[in-house]
Amino acid sequence: MTQAPALTQALRINPAALAHKVAQQLDRHRNGDPYPVMVVRAEPAWPHEPVLPLPGGRQARVVPCVSPLAIWERLVAERGDEVLVVLTDIPGTVLGSGVRSRIFRQQVITVEPWDLVVDAFGAQVPDTALEAERWAGPALLDAMPPGGWPRLTTKVLTRDVALRHLAAVRLGLERRGNASDDLDVATLLRWSVEPGAVEAFGLIRQEERDGLARWLVEQFGSPARALFALVAAGRGADALPLGLVCDALWTTDTPDAVRAQGRIDQYVGNLDDDGAVRGLAESAVQVVGAMLADRDADVRRQGHAVLDRAEQLLILFNATGSAAHSPVLRTGFTQRLGDAARALLAGLTDPADPTLDIAVDRLAGHRLAEAEAERVRRVRMAQRLVRWLGATVEPPASVADGVQRQIAEWGWVDLALNHIWAGEDVHPELQRAFRAVHERAQQRRRDLDAAFANRLAAWAMAGPGNDGDLLTVENLLNRVIDPLVRADRPVLLVVLDGMSAAVGVELADELSQHWVEYDPSASGGTGRRRGVVAALPTLTAVSRTSLFAGALRLGTQATERQIFDKGRWGDDARIFHKGPARGGAGEVLAGDLSEALAGAARLVAVVINTVDDALAHGREGDEAGWQLGDLGFLRSLLDLARSSGRAVVITSDHGHVLERGGEYVKAADAASARHRTGPGPAGPGEVELSGPRVLADGNRILALWDPLRRYRPTKAGYHGGASLAEVTIPLLAYLLPNVADVPLGWAPVEGSRPEWWQASAPVAKSVPAVVAPVKTRRKAPVVVGEAALFDMPEAAPPSAAPTADGGDLVTALLGTELFTAQHSLTPRKVDRAKIAAAMRALVEAKGVLSAAVLAQRAGELPARAGGFVNTLQRIFNVDNYPVLSVIDDGRTVRLDVALLRTQFGLPKEAA
């Protein structure tokens with residue numbers, strides 16, 4: 001008996017590859033029959049749709065056949081208008097001549113992997129390195145995507161190009177929107193944590209799996225080597241979390257860490273390569289860090305899942321204590337929170353101890369800092385309060401002094417207190433530290449409020465008309481708004497009812513991204529943010545009516561509308577209160593408000609009650625502070641003001657204090673939560689206010705200055721009292737950055753943050769360990785009507801610029817040959833005097849100044865601030881060294897004086 005020839009293993013073929021092969025054969029060998037029977041040598045299995053679309057609109061029906069008889073039955077069966085493709089692993093020599101005579105080309109079509117793959121890529125031949133990878137041809141055939149392989153422009157299909165495309169398909173990169181060109185270590189490690197990804201890789205035939213892993217290791221080195229060792233050990237999905245654990249353990253040599261390393265070696269299995277472990281660790285930190293910072297919420301969620309698994313592995317390896325220094329693990333973040341808590345408590349005892357700044361910087365440098373931004377922010381707030389407590393603070397010398405310092409410094413303290421009051425969820429050490437810092441800072445604020453109340457009592461008796469330069473709620477419109485109206489400049493006046501200095505701090509910071517803040521009362525001097533004194537008592541019915549009336553007066557919304565109807569600011573001036581300002585369905589603003597802002601009205605005033613309403617009813621959520629999006633429709637108002645070119649003035653009628661576990665004081669004569677009208681003398685936490693400035697029966701009230709006392713049931717916050725936070729109103733005035741015609745008397749606001757607020761603020765070495773109580777600035781009798789009650793204390797003269805060789809630093813700088821050469825190369829020649837003024841301003845400001853202020857100090861228009869700063873950078877940033885850099889999204893300019901000296905050959909600063 002003749003023995004049948006041995007059968008060779010047939011290839012598995014997928015729909016895309018089969019469609020390509022059938023179309024190729026039909027194009028190359030036209031035999032007149034549009035619907036032939038084509039027998040293809042392939043694995044006789046077809047788990048796909050039986051009908052296969054072909055190019056040109058034709059289609060094929062695919063049927064697997066395991067015997068000659070099955071093929072014959074298909075040949076004699078009735079067929080429609082479609083190509084019949086038979087898949088069989090039977091060689092053509094086994095089929096009889098009768099069968100072969102009735103099939104396409106009278107032969108079984110053999111699938112040559114390289115012929116088909118190279119053709120699919122649009123190339124002509126594979127390179128020798130690719131052909132040497134014998135597993136790659138069948139793999140590329142089996143993995144061909146539905147649209148086919150991408151067409152190349154080269155004749156030769158190289159090994160790396162082909163395997164990169166194969167890897168992209170087998171790793172499912174398209175599910176994340178990646179292409180073959182995106183394949184790198186990060187993509188590979190991200191693939192390992194995709195649900196089911198490693199398991200799907202395990203279903204690929206062993207030869208292909210091993211070959212693809214070898215190529216990926218060759219391309220991406222030690223991280224890939226460690227990854228596929230884990231895949232081989234059945235633990236591939238743990239690659240990223242294990243990498244984070246290894247990063248923590250392989251950077252320390254404690255006995256516990258060494259023992260944990262041994263447990264990991266056993267866990268990985270056959271990987272005995274310390275370099276691979278370190279490579280995986282380094283890459284894992286970078287990859288997970290990027291995932292945690294990704295804009296896509298799903299990616300961030302996956303990153304946190306990796307961290308959760310890493311914590312489980314730490315417990316598995318008994319390595320939690322050894323990973324406390326990790327810059328990415330939750331264990332490390334928790335440890336740094338504890339370090340910061342201990343440093344906060346130590347800072348209360350020794351303000352000069354640098355440990356606090358180091359601890360907070362380490363916390364902010366952790367990879368989880370962005371994801372835990374609010375917790376880090378609260379720690380920073382506590383750090384700032386510790387700095388403030390470490391400096392000597394003198395009580396207000398006058399009402400004007402107190403109001404301005406509330407705007408310039410103490411409102412920032414209130415903001416920080418609000419944030420740390422919000423507290424910490426789970427870390428007990430941090431909770432204790434926040435409590436200690438809050439209690440200490442709150443007590444100092446109460447001392448300042450007590451001192452201010454005495455000044456306020458004397459000031460109230462003096463009556464209006466003797467305020468000097470002090471802005472009060474009743475003269476604010478006369479001094480700020482009326483000059484703009486007379487100059488035909490359109491204005492949007494926003495009254496945020498109840499806005500305190502602390503709310504103004506956050507609002508101004510957010511608005512500075514798109515607007516330039518001005519001091520409308522600078523009168524040619526240096527610009528600073530101003531404070532305004534509320535009317536007494538600090539209630540809406542008193543203070544807001546006085547604001548619009550331009551005189552101390554009681555009233556209601558109707559009173560305010562009547563004031564506008566009298567035509568003081570023109571017949572088209574409009575005021576909008578809460579209800580009339582809101583639009584209907586689908587609208588943010590009422591139609592007549594939008595029309596007024598876009599029209600010719602010189603003054604449009606809008607009252608927003610969001611803050612005041614929150615004091616009565618509370619707010620959703622427990623986050624501290626106010627953002628632009630929290631303040632009703634203010635964002636929409638500002639957008640309309642921008643488009644209509646209006647100046648914007650934002651102010652309030654009074655401030656407020658918040659409920660902080662204060663004491664309820666029963667008072668039958670309580671007229672509000674914070675003042676009463678009875679005849680009795682002032683009690684604890686109270687001050688007697690009397691005189692023409694007090695709008696009450698008999699021009700007299702008893703007001704609480706202590707923010708921890710109230711006369712009415714508990715609410716979220718209160719006003720009506722005599723504390724700095726209630727009496728002080730922030731004044732925020734804005735123009736767009738491109739405005740060239742700045743109003744007369746307006747100047748850009750210079751750096752408004754207190755020194756202790758800055759990240760690198762120094763702490764005085766001479767401050768005693770125990771914070772001193774509030775000290776009196778000067779002892780002088782309080783005489784009603786004297787200027788001392790109203791005038792600001794004299795400002796200290798600006799510090800002199802650093803010198804070089806006994807001369808002025810800037811003069812020496814402008815005398816160097818390098819400066820002359822750099823200046824001559826600039827396309828826009830800027831006057832040397834302007835450059836000198838700008839550099840002196842930066843040096844005097846300790847190297848940091850807003851771009852608008854810098855331009856103003858140099859004599860440039862604010863609208864040209866950006867171009868002016870660019871020119872300065874061209875001159876001073878020699879070889880791209882950042883002598884001058886722009887921070888805060890282009891709003892602030894920073895000068896590196898040390899680098900300036902080095903670049904321009906100036907003597908070093910004297911010690």
Side-chain angles (χ1 to χ4, degrees), residues 406 414 417-418 421-422 438 442-443 445-446 449-450 452-453 456-457 460 473 495-503 533-546 554-557 578 607-620 622 624 626 652-690 693-729:
Q406 175 69 10
D414 294 344
L417 282 168
N418 292 343
W421 172 269
H438 189 278
Q442 184 184 61
Q443 184 55 53
R445 283 291 287 110
R446 292 174 74 191
D449 281 327
F452 175 74
L456 185 65
V473 73
V495 180
L496 285 178
D497 199 318
M499 176 176 64
S500 65
V503 176
V533 186
L536 301 174
T538 51
L539 299 175
T540 298
V542 176
S543 209
R544 200 173 77 197
T545 303
S546 298
L554 280 164
T556 63
Q557 288 187 15
K578 180 181 178 180
V607 178
I608 298 179
N609 296 87
T610 307
V611 177
D612 208 24
D613 289 346
L615 301 179
H617 307 295
R619 296 170 61 192
E620 293 295 329
D622 57 357
W626 290 86
S652 183
D653 49 356
H654 55 74
H656 66 265
V657 294
L658 295 172
E659 172 57 43
R660 292 294 180 252
E663 177 186 359
Y664 170 55
V665 180
K666 292 184 179 181
D669 57 345
S672 77
R674 297 276 295 163
H675 86 281
R676 59 190 182 92
T677 58
E686 293 180 328
V687 63
E688 181 178 348
L689 301 176
S690 61
R693 290 185 181 274
V694 181
L695 299 187
D697 291 342
N699 296 111
R700 176 186 177 278
I701 61 172
L702 294 169
L704 287 168
W705 59 259
D706 188 346
L708 296 183
R709 290 171 177 263
R710 53 185 166 79
Y711 300 128
R712 294 280 174 86
T714 303
K715 290 188 176 181
Y718 319 95
H719 56 90
S723 70
L724 277 160
E726 294 165 283
V727 173
T728 302
I729 302 169

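These numbers come from the heavy atoms of this one structure, side chains and all, not from hydrogens, waters or symmetry mates.
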*Taking the side chain as every heavy atom from C-beta outward, state whether Glu726 and Val657 have any atom pair closer than 4.5 Å.*
yes
_Residue from Thr540, Thr538, Thr728 passing side-chain hydrogen bond (donor to acceptor under 3.5 Å, both in side chains) with His654_ = Thr540
*asked:* Tell me the closest heavy-atom pair linking Tyr718 and Pro713, and the distance in Å.
replied: CE2-O, 3.9 Å
*When you measure from the side chain of Ser690 to the backbone N and O of Arg700, does any donor-acceptor pair fall under 3.5 Å?*
no
*Indicate yes or no: at least one non-hydrogen side-chain atom of Tyr711 is less than 4.5 angstrom from one of Arg676.*
yes
*Would you sort out whether His656 and Asp612 count as a side chain to side chain donor-acceptor pair (under 3.5 Å), showing the intermediate values?*
CA-CA 8 Å; His656 66 265; Asp612 208 24; over 6 Å; no
*Please tell me if the side chains of Leu658 and Leu615 come closer than 4.5 Å, counting only heavy atoms from C-beta onward.*
yes
*Would you check if the side chain of Asn699 reaches a backbone N or O of Val694 as a donor-acceptor pair within less than 3.5 Å?*
yes
*asked:* Do Leu708 and Arg660 make a side-chain contact, defined as non-hydrogen atoms from C-beta onward lying under 4.5 Å apart?
replied: yes
*Is there a donor-acceptor pair closer than 3.5 Å between any side-chain N or O of Ser723 and the backbone N or O of Pro707?*
no
*Minimum heavy-atom distance between Ala453 and Trp705, given as atom pair plus value*: CB-CB, 3.7 Å
*Which atom names give the shortest non-hydrogen contact between Ala614 and Ala716, and what distance separates them?*
O-CB, 3.3 Å
*Look only at the side chain of Ser500 and the backbone of Gly655, and say whether a donor-acceptor pair between them is shorter than 3.5 Å.*
no
*asked:* Side chains of Arg544 and Gln557, heavy atoms from C-beta outward: is any pair under 4.5 Å?
replied: yes
*Residue pair Leu539 / His675, side-chain heavy-atom distance below 4.5 Å*: yes
*What are the two closest heavy atoms between Gly498 and Asp653, and how far apart are they?*
N-OD1, 3.2 Å
*If only atom types and distance count, is the side chain of Asp669 paired as donor or acceptor with the main-chain N or O of Gly678 below 3.5 Å?*
yes
*Heavy-atom side-chain contact between Asp497 and Met499 under 4.5 Å*: no
_Spatial distance of atom CG (Leu695) from atom OG (Ser543) [nearest 0.5 Å]_ = 9.0 Å
_I need the minimum non-hydrogen distance between Thr677 and Ala671, along with the two atoms involved._
CG2-CB, 4.0 Å
_Minimum heavy-atom separation for Ala457 and Leu689, please, with both atom names._
CA-CD2, 3.6 Å
*Could you give the distance from CH2 (Trp626) to OG1 (Thr610), rounded to the nearest 0.5 Å?*
6.5 Å
*asked:* I need the Asp706 CG to Arg445 CZ distance, nearest 0.5 Å.
replied: 11.5 Å
*Test item: Arg674 side-chain N/O and Leu704 main-chain N/O as donor-acceptor pair under 3.5 Å*: yes
*Hey, can you tell me if Trp421 and His438 have their rings parallel, tilted or perpendicular (30° and 60° cut-offs)?*
tilted
*asked:* Under a 3.5 Å distance rule, please check whether Ser652 uses its side chain to pair with a backbone N or O of Leu496 as donor and acceptor.
replied: yes
*For the residue pair Val473 and Ile729, establish whether any side-chain heavy-atom pair is separated by less than 4.5 Å.*
yes
*Nearest 0.5 Å please: distance from the CG atom of Leu724 over to the CD atom of Gln406.*
5.0 Å
*asked:* Set out, in order, the CA-CA distance, both residues' side-chain angles and the distance that settles side-chain contact (heavy atoms from CB on, under 4.5 Å) for Val495 and Ile608, then state yes or no.
replied: CA-CA 6 Å; Val495 180; Ile608 298 179; over 6 Å; no
*Audit row: Thr714, Arg710, side chain to side chain donor-acceptor pair (under 3.5 Å) steps and yes/no*: CA-CA 8 Å; Thr714 303; Arg710 53 185 166 79; 2.9 Å; yes
